[in-house]
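Report on the structure given below.
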Amino acid sequence: MNSSPIPAYNPGEIESKWQQRWEQDGLYHSNIDPSRPKHYALTMLPYPSGDLHIGHWYAMTPSDARARFMRMQGYNVLFPIGFDAFGLPAENAAIQRNIHPKVWTYRNIENMRRQLRSMGAMFDWRREAISSDPEYYRWTQWFFLKLYQHGLAYRKMSPVDWCPHCNTTLAREQVWGEDRHCERCGTPVIKKNLEQWFFKTTQYAEELLRYDGIDWPERVRTLQTNWIGRSEGAAVYFTTQDGDLLEVFTTRPDTLWGATFMVLAPEHPLVEKLTSDEQRPAVEAYVQQTLRQSDIQREAADKEKTGVFTGGFAINPVNGRRIPVWIADYVLMTYGTGAIMAVPAHDERDFAFALKYGLPILPVIARPDGLAKSFAPAASMRSGFAEALSNAGIAFDQNDEGIFVTLQSGQIDSYLNLAKEHLNSGYWNEIVGSRWVFIFENGMWEWESPEAETRILARCKELRSSVREARTLMEMLWKVEFYRDILFHAEYGMMINSAEFSGTPGDRAKAEVTRWLEQIGKGKYAVNYRLRDWLISRQRYWGAPIPIIFCPTCGIVPVPEDQLPVLLPEDVEWKPTGESPLKLHPTWRKTTCPQCGNEAERETDTMDTFMCSSWYHLRYLSPWYHEGPFDPQEYDYWMPVDTYTGGIEHATMHLIYTRFFHKACRDMGITKGGEPMLQLRNQGMVLGEDSEKMSKSRGNVVSPDNLVAAYGADTVRAYLMFFARWDQGGPWSSGGIEGTSRWLRRLWSLALEPAASKPVDETVIRNLRRKVHQTLRSVTRDFREFEFNTIVSALMELLNEMSKAKQAGAYGTPAWEEAVDIYLRMLAPVAPHISEELWERLGKPYSVHTQSWPVVDEDAAREEEITLVVQVNGKVRDRIQVPVNISEEEAKAKALATEGVQRHLEGRSPRQVIFVRGRLVNIVV
RNA sequence: GGGGAAGUGCUGGAACUGGCAGACAGGCAUGACUUAGGAUCAUGUGCCGAAAGGCGUGCGGGUUCAAGUCCCGCCUUCCCCA
């Protein structure tokens with residue numbers, strides 16, 4: 001029906017045409033060029049799952065647009081791509097479909113290459129790297145050897161998280177959720193002891209906490225900081241009854257005098273020796289139960305604490321007290337030393353545990369708020385007690401049960417006297433909280449030690465049969481609801497009941513006790529990290545083999561560098577058996593020792609794929625290079641990565657590993673500088689139209705291939721930039737993309753459809769040029785700031801302006817030519833195909849993508865006349881058109897004279913007139 | 001429980017340093033063109049009100065001539081960690 005002489009916009013046709021042309025011309029080949037500043041833009045490499053997801057487009061196309069923008073800004077830009085091709089899904093998919101993982105993987109890569117090309121991104125495909133290529137994993141293995149040689153890789157027997165379904169060990173980061181399930185298949189994990197390879201990430205914990213010189217989102221830095229989990233405290237040397245050292249880490253050495261028992265992880269090596277014959281059956285049952293139950297998150301806060309007494313005792317080094325040793329699953333072998341000193345009065349979990357099992361509790365830190373409480377049952381006090389309290393200014397509530405007193409600091413002594421005076425025979429009274437004192441007829445007993453507790457408790461039981469059940473004083477007090485909020489606290493405060501340290505204020509207590517522990521040799525200042533060393537062993541086939549040989553004579557022998565890569569055999573029975581499939585291969589594991597030449601065996605575990613992705617940005621530099629993992633010349637020119645884009649989900653895994661890897665390589669003399677990636681930006685997630693995460697089972701998956709077929713890649717790219725804030729993401733809208741499609745079609749006809757020339761007003765030209773250059777200014781800024789949605793909206797706005805200007809006769813004028821020229825340059829990074837096509841059709845020299853970014857003409861962008869808002873008492877009452885450089889006096893005078901102001905002044909005279917240049921006049925009456 | 005992010009029309013979102021709230025889109029409505037419209041074009045569209053005007057950025061306070069933006073308290077949602 002279209003009767004216009006111009007051809008229709010046919011994205012499918014022009015997109016494949018230009019993609020071929022760019023490919024032929026090597027338009028996106030990036031080569032070293034010392035004459036230009038370099039820019040290494042990196043987008044996280046995809047896993048070849050088979051299909052490019054809309055999420056890949058959402059991550060990559062804005063990244064591509066920005067890389068293109070940087071290129072037009074004069075940078076020599078490298079924007080490479082590749083595949084993270086090792087890993088479990090290949091094997092799982094292979095098992096289900098009976099295809100070899102290699103075939104599956106490379107077939108997927110083939111398809112995804114096609115899909116990636118359909119984006120029209122400026123990938124330099126010559127630099128493609130695939131982590132499962134022998135020429136790639138050769139160097140992954142090489143890095144392993146380097147780490148091993150420098151003592152940063154080691155092997156130890158270790159309890160590991162094991163997925164019984166995938167039959168493999170998992171890194172801590174691959175265990176998810178409260179029920180601790182496998183990241184891949186959702187099966188709850190169990191613990192298993194295996195010889196495993198580790199990298200010493202903890203050696204870099206301190207440095208990883210510093211983010212000097214890198215521009216990373218606050219959010220990622222916080223996540224990493226929490227993940228590393230640094231806490232300062234002390235290592236304290238307890239001993240067992242047999243004299244074995246039992247070291248604990250505590251953040252609260254100031255509470256040591258309140259350590260009334262110890263708790264070991266059930267897996268702790270000393271459990272066996274500590275356990276008494278009597279307790280052995282219970283202990284062994286509990287250990288078994290813990291192993292069976294390790295599918296539950298052992299430290300869950302809401303979980304009921306369980307544990308068993310070993311029958312053994314330890315000695316508290318600060319006072320020589322003998323304290324019972326328990327085991328409990330809430331103590332983890334993987335945190336600290338696998339043993340804790342329990343201070344039930346000031347640690348919430350210890351408190352719950354002690355209360356449950358009737359273990360002694362001794363308060364050793366005063367409450368910082370100084371509050372104390374007392375409950376006097378109705379019969380316990382003589383009449384007049386309430387009046388006496390009132391007279392003393394002490395607050396209390398009273399009912400049939402008795403008197404409930406809350407004491408401020410400073411009221412405790414006078415309360416004690418009053419209580420003593422009014423106490424009825426056969427009763428006692430106590431105060432709890434800031435101080436712990438029991439008032440009996442014959443005196444006041446302070447709860448200051450376990451011995452005092454025993455005496456007090458015995459006395460109370462004599463007086464009242466109802467408390468006879470109580471195993472501890474705290475258990476007795478816990479029965480009083482009124483007390484519950486004051487019996488426990490975990491804050492710093494003045495030390496009490498702590499021998500010569502009693503009275504030490506809370507702000508000094510920790511440091512002073514630590515210093516003293518060091519002096520007497522019972523402990524030392526220590527820093528503990530939640531970060532664990534990186535477990536890299538995987539009992540899987542589809543990964544890079546660990547280049548190690550076990551020789552009966554020589555022990556652990558690294559494979560010599562010149563024998564790399566240790567190739568994966570292809571004829572392997574790769575179905576999971578519980579052992580590494582490589583172990584079952586008839587010949588592969590048999591080899592000879594590189595040192596003594598005798599028969600030896602290969603390590604059959606493969607490496608965690610995060611190892612592969614820790615250095616892919618280096619392989620991209622020169623995937624063709626055979627003398628090392630990367631060509632030093634390429635490294636020197638391109639590194640470090642200038643902008644890195646990808647999902648926030650990698651904040652604690654890949655991004656910590658990569659930083660560790662780079663720092664370790666720096667210390668081994670392989671790389672330079674402290675950080676591999678200078679700037680990091682995270683995109684959000686595209687959800688399904690139902691606002692839920694896209695998943696096949698939900699049926700809400702949006703396929704980019706279909707969208708490209710329906711709208712063209714340019715529309716899809718532009719819509720993904722437009723529809724949400726890039727860092728936030730949001731639900732897909734199939735209606736929304738229509739608007740973006742409409743915009744590009746309007747642009748097509750606006751640029752190509754000629755208009756009859758007619759006289760044009762000078763202001764039309766001026767306004768057009770102003771809008772063009774103002775838009776250029778904001779688009780330039782937004783590209784710099786990764787604010788892609790406002791780039792597209794500004795371009796839409798400009799198109800609307802241009803459309804009006806065209807109708808007003810601007811078509812064909814120099815200003816029009818300039819507008820179209822700048823428009824296409826600004827659009828080129830967003831929609832590379834249509835801008836190239838229009839650029840050519842308008843007779844401009846190939847290619848729009850090698851053009852420079854336009855420069856703002858500040859004169860043209862400048863406003864000459866502006867609208868001043870005129871307010872009375874902050875409410876808009878009128879608007880006036882004024883020259884932009886109007887003087888304050890003139891503006892105020894004009895504003896006061898407006899009809900709107902006069903109407904609202906109602907004869908009142910202004911108290912104050914505020915002038916904000918370029919914005920408003922506010923008249924205050 | 002701790003840490004972080006967010007809350008703006010019917011929807012996605014804009015609002016740069018405190019200065020006209022709702023740009024740009026989607027949707028909807030009306031109209032034009034049309035055999036037809038899921039095409040295209042035009043106009044309108046925060047809420048209340050006939051209008052004047054008033055009210056409006058999760059809720060409640062505060063600072064200020066002026067608050068979506070700053071401060072205090074609270075609520076809700078999401079994420080991470082326990």
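Naming: A, B, ... by sequence-line order, numbering from 1 per chain.
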Handout entry: 5' priority, RNA chain B, between A:Gln728 and A:Gln912 [closest heavy atom]
Key =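 Its nearest nucleotide being more 5', the pick is A:Gln728.
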Problem - Contact nearer the 5' end of RNA chain B, comparing A:Tyr719 with A:Val876 - result: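 By nearest-heavy-atom nucleotide position, the 5'-most residue is A:Val876.
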Exercise for the section: List in chain and number order the residues that pass ring pair (Phe, Tyr, Trp, His ring centres under 6.0 Å) with A:Phe488, two or more places apart in sequence or in another chain; answer none if no residue qualifies. Expected result: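 Partners of A:Phe488 by the ring pair (Phe, Tyr, Trp, His ring centres under 6.0 Å) criterion, ordered by chain and then number, come out as A:Phe351.
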[X] has a side chain; which of [options] sits nearest to it?
X	options	value
A:Leu920	B:G53, B:G19, B:G27	B:G19
A:Leu223	B:G19, B:C24, B:C80	B:C80
A:Thr222	B:C24, B:G3, B:G19	B:G3
A:Ile914	B:C81, B:A23, B:C65	B:C65
A:Met796	B:C24, B:C65, B:C81	B:C24
A:Thr867	B:C20, B:A23, B:C81	B:C20
A:Phe723	B:G12, B:C65, B:U40	B:G12
A:Gln871	B:A15, B:G13, B:G19	B:G19

Problem - Of A:Ile54, A:Asn700, A:Leu687, the residue whose pairing with A:Trp732 passes side chain to side chain contact (heavy atoms under 4.5 Å, CB included) - result: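 Only one option passes, and that is A:Ile54.
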Which part of the nucleic acid, if any, lies within reach of [X] when heavy atoms closer than 4.0 Å are counted: base, sugar-phosphate only, or nothing?
X	answer
A:Lys693	nothing
A:Arg221	nothing
A:Asn789	sugar-phosphate
A:Asn873	nothing
A:Arg725	sugar-phosphate
A:Val869	base
A:Gly730	nothing
A:Arg777	nothing
A:Gly684	nothing

Problem - Axial cation check for A:Phe788 ring with A:Arg725, 6.0 Å and 45° limits - result: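 Because its charged atom misses either the 6.0 Å distance or the 45° angle limit, A:Arg725 does not stack over A:Phe788.
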Handout entry: Under-3.5 Å donor-acceptor pair between A:Arg879 side chain and B:C20 base
Key =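 Yes, the side chain and the base share a sub-3.5 Å donor-acceptor pair.
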Handout entry: Donor-acceptor pair (no angle test) under 3.5 Å: A:Asn226 side chain, B:C81 base
Key =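 By the distance-only test, no, there is no pair.
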Exercise for the section: Please work out the stems of RNA chain B from pairs that are Watson-Crick or G-U wobble with both distances under 3.5 Å, keeping only runs of three or more consecutive pairs. Expected result: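 The stems are B:1-7 with B:75-81, B:10-12 with B:24-26, B:27-32 with B:40-45, B:46-48 with B:53-55, B:58-62 with B:70-74.
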Can you tell me how far [atom2] of [N] sits from [atom1] of [X], to the nearest Å?
X	N	atom1	atom2	value
A:Arg681	B:A5	CZ	P	15 Å
A:Arg219	B:C81	CZ	P	11 Å
A:Trp748	B:U40	CH2	P	16 Å

Problem - For the student: nearest non-hydrogen atoms of A:Tyr58 and A:Met685, plus distance - result: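 Heavy-atom minimum between the residues: CE2-N, 4.4 Å.
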Handout entry: Syn-anti status, with the boundary at 90° from 0, for the nucleotide B:G9
Key =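 Judged by the O4'-C1' to base torsion, B:G9 sits in syn, the angle falling within 90° of 0.
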Handout entry: Check: A:Thr658 side chain, A:Leu655 main-chain N or O, donor-acceptor pair, under 3.5 Å
Key =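 Here the side-chain-to-backbone pair does not exist.
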Handout entry: Any donor-acceptor N/O pair, A:Arg681 side chain to A:Tyr644 backbone, under 3.5 Å
Key =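 No: the side chain of A:Arg681 does not pair with the backbone of A:Tyr644.
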[Y] ring center within less than 6.0 Å of [X] ring center:
X	Y	answer
A:Tyr657	A:Trp534	yes
A:Tyr719	A:Tyr711	no
A:Trp853	A:Phe69	yes

